[in-house]
There are 2 protein chains.
Amino acid sequence: MTVTGFCTDQLVTRVTICTERYAGAMSTETPAVGRPRAFDEETVLDRATEAFWRHGYEGASLSVLTSAMGINRPSLYAAFGSKEQLFQRAFARYHDTQVANARAALGQPTAYASIEAFLRASADGLTDRDHPAGCLSIQGGLACSPENARISEILAAGRAATEAAVEERLSRAAKEGDLPDGMDPGALARFVMALSEGHAVHAASGASREDLHASVDIALRALALRQ
Amino acid sequence: MTVTGFCTDQLVTRVTICTERYAGAMSTETPAVGRPRAFDEETVLDRATEAFWRHGYEGASLSVLTSAMGINRPSLYAAFGSKEQLFQRAFARYHDTQVANARAALGQPTAYASIEAFLRASADGLTDRDHPAGCLSIQGGLACSPENARISEILAAGRAATEAAVEERLSRAAKEGDLPDGMDPGALARFVMALSEGHAVHAASGASREDLHASVDIALRALALRQ
DNA sequence: GTCATTGGCAACCGAGCGGTACAAAACCAG
DNA sequence: CTGGTTTTGTACCGCTCGGTTGCCAATGAC
């Protein structure tokens, strides 16, 4: 993955924790005996991710989840432990597949090109017809019932990790003289992430890919990063 | 209210419907006889609004709501009809009090001043310590369980109404030659709303007022609406 | 084949959900 | 005071929630 250079942040730690928990909870990789599983774990995890993405954490009931995944509850609990652990796996996978695209875009040679690529990749991902519209990091549960407050925190940590990656890229640009004078990398990263999150809200409400790219055009034209 | 000029949109219709329903469901304004109510309707509605704002529609259970409102369930149902109708009243009141501030800011003489005032009023409202951080229009329920899909639609309609108000202001500016050449009012309105919504997401995750205003600075510096 | 081990599935658990029935309490008209 | 009307509070309704139990089917080792 080309974005590992940025990954000194919270999310990766959390994902690691999640993976460890999972490895501890499940049986050994190749069970010598016993009946084989009738489902592929990554496949059903992808389907669970879509259900969370579409309905949010609280809106995705176990009935919705098992129906989407094509397995029943005991299989789900044997494979993933609990609804919350399933969500953590799903969110980690969402980052590895969807968010990674946008983060990888930060590898462009200039700050302007990086931000443009980031925003365009983000807009494309938010309106990809192969997935629910919008962004799991926001739809998953910006506000939750008190007992699920952890979910909101996990999602916020994921968004903060992405913003940190943008800021890191822009800090490098500042050192290289690739940013307009007086432009604060932190504030600019916040601006870029906020716009991307707003696009996610718009996409969830049905905005088209062209709509979002027109907004990106304005942000870029406006940004005047090109020197 | 100074924003009525913009209000030819969906939300006002919906609020009207809501008010009519409410008027039909409740007793006459001054019941001649009977035990008097022990609570003020607007007061408990404000508290319900905060509960929805903080926990979202699905996260705000009846227990949470009645506890926050200081009344019990039968009183809630007698006064408001159902949880969904209570939410509609709360959302309408949210628009009348919170969103109205940002919309009123569009009355500035120039497009630049209007957008700046809109974004700054929005940022201030999102970080007002007298209320939960963020925006009810997004926290209320961007994604819901299938049976509550109506809630997401109502919220999306509210956001669309605000965006339409911004677009209307910018269309006027375009006619008056107050926009840079080739700038599309619709795309610009979408950009402004997206940024504001992203700020709402950030505020919900704990961003400070100063953080948001720094992002607004970039958007404005970038926008180059000043001619 | 026999047997230990594992996964799949129907049925179930206590708890909390949104919503309601009913009777006691608080008011006004007469 | 009495009678009619409305609100209040308790206790409950059917239902779905997240999570679990126990039985049986499917497998590899021997």
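Naming convention: chains lettered A, B, ... in sequence-line order (proteins, then strands); numbering from 1 in each chain.
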Heteroatom pairs (N/O) under 3.5 angstrom, protein to nucleotides 10-15 of chain C:
none

Legend entry - Salt bridge present between A/E42 and A/R93 (N-O < 4.0 angstrom): yes

Legend entry - Value in whole Å for how far the C1' atom of D/dA11 lies from OH of B/Y77: 16 Å

Legend entry - Separation of atom CZ in A/R37 from atom C1' in C/dC9, rounded to whole Å: 16 Å

Inset, instruction - Anything under 30° is parallel, anything over 60° is perpendicular, the rest tilted; go ahead and classify A/F52 against A/F87. - result: perpendicular

Inset, instruction - For DNA chain D, determine which residues of residues 55-71 of chain A have any heavy atom closer than 4.0 angstrom to one of its atoms, and list them numerically. - result: A/A60, A/S61, A/L62, A/S63

Legend entry - Interatomic distance where CG belongs to B/N148 and C1' belongs to D/dT16 [whole Å]: 13 Å

Inset, instruction - Figure out the CD/P separation between B/E41 and D/dT7, and round it to whole Å. - result: 10 Å

Inset, instruction - Scan for ring-ring contact (aromatic ring centres under 6.0 Å, His included) pairs involving residues 133-168 of chain B, sequence neighbours excluded, and state none if there are none. - result: none

Inset, instruction - Without swapping roles, check the side chain of B/T127 against the backbone of B/S208 for a donor-acceptor pair under 3.5 Å. - result: no

Inset, instruction - With sequence neighbours excluded, give me every ring-ring contact (aromatic ring centres under 6.0 Å, His included) pair touching residues 117-142 of chain B. - result: B/W53-B/H131

Legend entry - A/I151 CD1 to D/dG18 P, straight-line distance once rounded to whole Å: 12 Å

Inset, instruction - Over 60° means perpendicular and under 30° means parallel, so classify the ring planes of B/Y94 and B/F91, tilted if in between. - result: parallel

Inset, instruction - Find out whether A/Y57 and A/E84 are in side-chain contact, i.e. whether some heavy atom of one side chain is under 4.5 Å from a heavy atom of the other. - result: yes

Inset, instruction - Run the salt-bridge test on A/E163 and A/R159 with the 4.0 Å N-O cut-off and return the result as yes or no. - result: no

Inset, instruction - Please determine, for the side chain of B/A38, which listed nucleotide (C/dG19, D/dT8, D/dT20) has the closest atom? - result: D/dT8

Legend entry - Test: A/K83 cationic atom under 6.0 Å from A/Y77 six-membered ring centre, within 45° of axis: no

Inset, instruction - Kindly indicate whether the side chain of B/V44, heavy atoms from C-beta on, has any atom under 4.5 Å from the side chain of B/F80. - result: yes

Legend entry - Distance below 4.0 Å between A/S75 side-chain N/O and C/dG8 OP1 or OP2: yes

Inset, instruction - Keeping to residues at least two apart or across chains, list the side chain to side chain donor-acceptor pair (under 3.5 Å) pairs with something in residues 59-68 of chain B. - result: B/S63-B/R73

Legend entry - Rounded interatomic separation in angstrom, taking CG from A/L76 and P from C/dC9: 13 Å

List, with names and distances, any nitrogen or oxygen atoms from the protein found under 3.5 Å away from nitrogen or oxygen atoms belonging to nucleotides 23-25 of chain D.
from	atom 1	to	atom 2	distance (Å)
D/dA25	N3	A/R35	NH1	3.1

Legend entry - Nucleotide nearest A/K83 when distance is taken to its side chain, options C/dG19, D/dT27, D/dG19: D/dG19

